[in-house]
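To find a chain, count down the sequence lines: A is the first, B the second, and so on, and within it residues start at 1.
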Amino acid sequence: MGLKEVLKPLGAWRQIARRPHTILVPTIKREAAERYRGFHVNDLEKCIGCGTCAAVCPNEAIDMVKVEGFEAKKGDSGYRPRIDYGRCCWCALCVDSCPTTSLKMTNEYIWIRDVPEDFVYIPGYDIKGFEDKEKGYRKDKEHGLTNYNRVPMRELDPGERVKSFAEVVIGYTEEEARKEADRCVGCGLCIAGCPDRMHIPDYIRAIASGEYERSVNIMYENNPFAELCGKVCTRRCESYCSIGHEGDPVAIRWLKRFATERFSDLKEVIKVRKQEPKDKSVGIIGAGPGGLTAAYYLSLKGYKVTVYEAMPEVGGMTMAGIPKYRFPFPSLKKQVDFILSHGADLKLNYYVDPEKFRELMKRHDAIYLGVGLMKPWNLGVPGEEHPNVIYAIDFLRKVNFNEPVEIGKEVVVIGGGDVAMDAARVSRRMGARVTIAYRRRKIDMPADHEEIEGAEEEGVEIWEKIIPLRVEDAPEGKVKLVYGKAKMVDQGPGKRPKPVLIEGEEYEMVVDRIIVAIGQQADLSFLPEEIEEKLEVERGRIKVNERQMTSIPGLFAGGDVANRVADAISAIADGLRAVKGIELYLKGEL
Amino acid sequence: MELVERLKKKFEVIGFKKQRKDLFIVETTKKDLIPMLFYLKEYEGFRTLTLISYVDWIEEGKFQLSYILWNSRTKDNIIVEFRLDREKPDFETIYRMWPQAEAYEREIHEMFGVNFEGNPTQHEELILEDWDDIPPMRRDFDTLKYSMERFGERESKSGINIRKEISEQYDEWRRK
Amino acid sequence: MSKEEVRLFIGPQHPGITGNMSIELLLKGDTITWAKTHIGYLHRAFEKLMERRIFIKSFPLVCRICVPEPDTNEENFARGLEELAGIEIPERAKWIRTLVLELSRLQMLIMWYGGIAGSMGLSTPVQWGIGDRDYILDLFEELTGARIYHIYIMPGGVRKDLPDGFEEKVLRAMDMIEKKLPEYDEIIMENAVVQKRLKGLAKIPKGWVEEMGITGPVARACGFPFDVRKDSPYEAYDQLDFDVITEEGCDVWSMLLVRRREIDLSIKLIRQIIDKMPKGEFLTRLPNVLYWKIPSGETYVKSESTRGEFGYYMVTDGSDKPRRVHVKGPSFIHGITLAERLLVGQNIADVAPILVALQICPPEMER
Ligand SMILES: Cc1cc2nc3c(=O)[nH]c(=O)nc-3n(C[C@H](O)[C@H](O)[C@H](O)COP(=O)(O)OP(=O)(O)OC[C@H]3O[C@@H](n4cnc5c(N)ncnc54)[C@H](O)[C@@H]3O)c2cc1C
Ligand code: SF4
Ligand code: SF4
């Protein structure tokens, strides 16, 4: 140590001539980095109020609040996140878990107010001036906390499928199901999409944690056809799924299928509480899903229930309509047997005519009509009476009941709904070449897109914008369809374009069978006159109140005859609602 | 001979696990704990005491004390643990073996309420001041309840639980 | 306490204390005859909070256990959960984590280097340390979106990939810092006053090191080559080429030398990491974090922080929350067991440099 060590430190004086490190805020505005986690912004149009951000926030900084003057859209809770910056720690877990990616952070970090309340606000609603900031922390969909990718469902190979009526969908393995179920964020928005308001997040979470029995019990709380729905439900819920906005919605239907299929003996699994027997009796006409749901819950409540069914099997359209490659018979039988095991009486091959109906009115304290839509709509073109023109529901019923049907080698199916797809795919399985003729475009088809894809994979051809004009006889036992082409005419914003016939052009095709699948209607001819007079019917459907009671006290109706949705789960929901209605009615409270 | 074999010969070994290539976990009894620590220190080269920790297995009515040792030669860690009756959480100090144990035990005494016989300073407050409740690191001490009682609800909180709200909305429907 | 003795508290409000703690001293003249560490001024019950939170909610919490060097906490917490949950993380994630840890170590060491000078009243380098550290914080801001609490190393990997051109920016910052270091040396290491005061100050008996659980730079200043990066390599440290730095003096001067040399080491490691960093994925998808359950298990993970061995003792019970997380900060031993003994016999004026040399960090003592 010497003089050197004494003088050296004086080198620090060099700094005097240097530029300072510091930035002179506020004279100079420093822009924070691209991914800086600053104040939040939220795209209120995109946000659906799912509350995932609030659920993940480690500091309870997020409250979900109703916002004034904001219409809740479909699949939207109407709530929006409000953030308390006295609690927020700027971790951006909320951003990373927002399924719609509506919530973002800006790179703005300076904001000065002297009122503390100003730091509790609803991003996107309370305008703070940094809404338009381009930069800031964003969710990267691949690496965020939402899993957007569905576990794919395995299916039979198309070539394999058309050879038989074997079930197309193979089903999840346990591992796949748990992985898929684990994607659910538990927001519960899907419940609004389910006509039956099933406890969806609860049974999905039960599947994710491996409690399958509990899961099925939750389903049976308000749906005795859980397995049916697991296979063929129209799954409206999935279009409400919050994850579906930016990715694949959770496969709610397939998960239900997975859980219910695990148990072959429902009696061992479902824990029911049967109430005291009561001395009132209820008659149910039509053993479709709606009627049977009513029968199940009514018999659990202790009522005497008798179900009258015209066909030799129960299940209604799920037996006679839905093809077996989608809904195999043993599955239906398993569910129906369990429903009937609680004491409901069943009368098969019992067509209720006006005479019998009067009798039933006397015999029972209340009646539920679940008669469905049993009459097909006609094409309404000349020559339709030709014997080679058949109707999809008749055709499918015969196939499902193993009755002989002859369709030949070449078939055209007219229609664009699910029934048309079913008829086409069944025809393929019977070895025919199949064309679907639809009057609008493929994208306008009301059928489930998976069904359309499935049909095409199996080799069904789809012709768009076809308008049938007349049917003519053709040689060699064939039939000729004469048709015109349509052009789509715009009907203004928000409306479906309308197909309009292009006049003066005519085309024809010669086929073995024309299958008409343009819808079904109610057949109420079994009602006695005095009832029919009093019964209010609106645009082809029986009018009911919110308890499913018709304009005639004690007469309830539900399912396809009463609702416009016409799918199984709506029928089930109607049945369930009617149970409550019937109960109140029988207690004299309605 | 493996370490576990050597330990088993001398002490009661309730559980043994090789968690990682350099981390062993041994469970023993209250009686054998201190002899085992002594043996590990003097004969197995685990000369360093890294940490004393504790776990509350309230459902089983037990406390667990864990002693983590380190061997500077083999670079191995070992966690030696045992369970103690929750009703009678009395144990002995090991501060004569390792001086830092004194402070660790003092913390455990304060936060967890285990009594280390022979520790001269365990009754002195380390972190808490005028604490008036059960030792706070026990599982049955509810922090949220404590703070609610003392400081009340936060005003700006709307109290809405969206998930409950949504599901109740449907319960309403289902009841109909 | 005899008649000639004076009782004196240094801290919790005192420029010479290393945070919110205090040391109670008995003095005979200038000489300390007894010392006692008092903590409890900033207890925030992190460990208790973690027991009440689902795993993901602890992820933004753990970094707060140590303000100047939060990343060791994030890394330990993440690695512990990964071990217990059986999650493999991508190779690139390991490298990015190592980069973050070294950057974090470097900024801490630079700040410390200024700080040790400050503890002797030489306040110029303190400002430099804070200023130069900011260049690394700028890097963090760009990489993680925050300057101090990065909340970046999450279970499964890291949250985001390196932004474009980040590597060059790191290298440029390294060059700049390297160029500045001689100026620091000039007024700290080559300063007669510093040398005179620190050489031979607070000599630690070698026997204490292993027995007392002394780790990190303090142990290395006593000639013990203890470095978790080498002893139990984690993340990508086993693929890096470096030697453990030791000094033989056992005194504060040696601690200063060790840390000064570790600044160079960190810069060297950062360059190596940038050079060797593989491409690829940086995050494994976790199960749904809102419901994430981890099977029951128990582990102790550790890493080398600037202060010494930092560890997480974690116990899970199969639920969605940890049963127990115990954060082992090196300061618990250094600040209580070691400091209380080491200060005895020292001059009152040397308390600050000794505490800074031990680098005592109160938040990790009372988690
Ligand atoms: C081909 C086809 C495919 C379908 N695919 C699906 C699908 O994939 N997913 C889906 O959700 N829905 C599907 N549906 C619709 C679904 O099957 C119906 O919405 C559902 O079955 C309606 O149930 P329901 O209780 O109203 O009565 P229905 O199922 O229509 O049953 C009515 C029952 O009443 C009986 N009945 C009628 N009149 C009398 C009488 N006078 N006396 C005694 N019994 C009588 C009938 O024989 C029939 O069994 C499909 C329908 C068809 C036709
Ligand atoms: S997570 Fe996103 S979509 Fe859901 S409420 Fe929060 S901001 Fe809205
Ligand atoms: S940034 Fe973190 S603390 Fe802030 S509101 Fe979002 S989740 Fe909560």
Side-chain angles (χ1 to χ4, degrees), chain A residues 1-15 18 20-23 30 32-38 52 55-60 88-93 95-97 105 107 109 136-138 140 142-147 149 178-179 181-187 205 208-209, chain C residues 49 53-54 56-61 63-64 122 124-125 127-128 130-132 134-135 138-147 149 151 154 156-161 163-164 182-196 199 281-283 285-293:
Chain A
M1 228 186 296
L3 192 59
K4 202 172 109 227
E5 276 81 6
V6 178
L7 292 179
K8 269 258 168 129
L10 298 176
W13 286 101
R14 259 183 254 130
Q15 299 292 337
R18 300 236 178 108
H21 290 288
T22 40
I23 300 170
R30 179 183 177 278
E34 173 95 38
R35 20 175 115 142
Y36 194 80
R37 300 195 301 264
T52 310
V56 82
C57 176
N59 306 314
E60 293 187 17
C88 173
C89 72
W90 316 93
C91 64
L93 282 185
V95 176
D96 269 352
S97 52
M105 275 171 144
N107 66 343
Y109 56 100
Y137 191 90
R138 299 283 181 273
D140 154 8
E142 278 312 302
H143 300 100
L145 296 174
T146 323
N147 187 346
N149 304 318
R178 288 186 67 165
K179 194 162 159 227
D182 191 46
R183 298 204 299 132
C184 170
V185 294
C187 64
R205 186 45 45 199
S209 46
Chain C
L49 272 176
R53 289 176 170 212
I54 58 173
I56 194 72
K57 290 191 182 182
S58 295
F59 156 60
L61 185 72
C63 53
R64 289 166 165 86
L122 183 57
T124 310
Q127 318 301 335
W128 295 1
I130 301 276
D132 286 333
D134 252 39
Y135 293 106
D138 284 347
L139 293 175
F140 274 130
E141 180 180 328
E142 205 159 305
L143 176 64
T144 68
R147 296 177 75 80
Y149 294 136
I151 316 182
M154 77 182 287
V158 294
R159 247 173 141 180
K160 299 239 161 181
D161 205 353
D164 287 341
E183 295 185 9
Y184 282 80
D185 297 345
E186 222 173 53
I187 65 170
I188 304 175
M189 304 291 281
E190 296 168 26
N191 187 329
V193 180
V194 175
Q195 292 190 9
K196 268 208 127 49
K199 279 188 182 164
E281 192 46 66
F282 55 90
L283 184 64
R285 184 163 285 296
L286 293 177
N288 190 339
V289 292
L290 289 172
Y291 305 97
W292 188 18
K293 287 186 180 155

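With rounding to the nearest 0.5 angstrom, the CG atom of C:Leu286 is 11.5 Å from the NE2 atom of A:His143. How far CZ of C:Phe282 is from CZ of C:Arg159: 11.5 Å, rounded to the nearest 0.5 Å. We find the SG-NZ distance between A:Cys91 and C:Lys57 to be 10.0 Å, quoted to the nearest 0.5 Å. The distance from atom OG1 of A:Thr52 to atom CG of A:Leu145, rounded to the nearest 0.5 Å, is 10.5 Å. Atom CG in C:Leu143 sits 12.5 Å away from atom CG in C:Asp138 (nearest 0.5 Å).
Neither the backbone nor the side chain of C:Tyr184 comes within less than 4.5 Å of any heavy atom in chain A. Of the two parts of A:Arg30, only the side chain, counted from C-beta on, holds a non-hydrogen atom closer than 4.5 Å to a non-hydrogen atom of chain C. Contacts between A:Ala208 and chain C at a heavy-atom distance below 4.5 Å are absent for every atom of the residue. Heavy atoms closer than 4.5 Å to chain A are found in both the backbone and the side chain of C:Asp132. Contact of C:Pro163 with chain A is made through backbone and side chain together, with heavy-atom distances under 4.5 Å. Heavy atoms of A:Arg183 lying under 4.5 Å from chain C belong exclusively to its backbone.
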Derivation and outcome, side chain to side chain contact (heavy atoms under 4.5 Å, CB included), residues A:Arg138 and A:Glu34: CA-CA 9 Å; A:Arg138 299 283 181 273; A:Glu34 173 95 38; over 6 Å; no

Side chain to side chain contact (heavy atoms under 4.5 Å, CB included) between C:Glu183 and A:Gln15, worked out: CA-CA 10 Å; C:Glu183 295 185 9; A:Gln15 299 292 337; 2.8 Å; yes

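Counting only heavy atoms from C-beta outward, the side chains of C:Lys199 and C:Val194 never approach each other to under 4.5 Å.
Your options are A:Leu7, A:Asp96, A:Thr22, A:Asn107, and the one with the most heavy-atom pairs under 4.5 Å with chain C is A:Asp96. Per-residue counts of heavy-atom pairs under 4.5 Å with chain A were compared for C:Lys160, C:Glu142, C:Lys293; the largest is that of C:Lys160. Of the listed residues (A:Tyr109, A:Trp90, A:Tyr36), the one with the most heavy-atom contacts under 4.5 Å to chain C is A:Tyr36. Note: C:Asp161 leads C:Asp161, C:Asp185, C:Asp134, C:Leu61 in heavy-atom pairs under 4.5 Å with chain A. Ranked by heavy-atom pairs shorter than 4.5 Å toward chain C, the options A:Leu10, A:Thr146, A:Asn147 are led by A:Asn147. Heavy-atom pairs under 4.5 Å with chain A were tallied for C:Thr144, C:Leu49, C:Ile130, C:Ile151; the largest tally goes to C:Ile151. The candidate with the highest count of non-hydrogen atom pairs below 4.5 Å against chain A, out of C:Met154, C:Gln127, C:Arg285, is C:Arg285. Between chain C and the options A:Ala33, A:Pro58, A:Cys89, the largest number of non-hydrogen pairs under 4.5 Å is found for A:Pro58. Among the candidates A:Gly11, A:Pro9, A:Ala32, A:Gly144, the residue making the largest number of heavy-atom pairs closer than 4.5 Å to chain C is A:Pro9.
A salt bridge links C:Glu186 to A:Arg14: one of the charged nitrogens lies within less than 4.0 Å of a carboxylate oxygen.
In terms of modelled atom types and a separation under 3.5 Å, the side chain of C:Asn191 and the main chain of C:Ile187 share a donor-acceptor contact.
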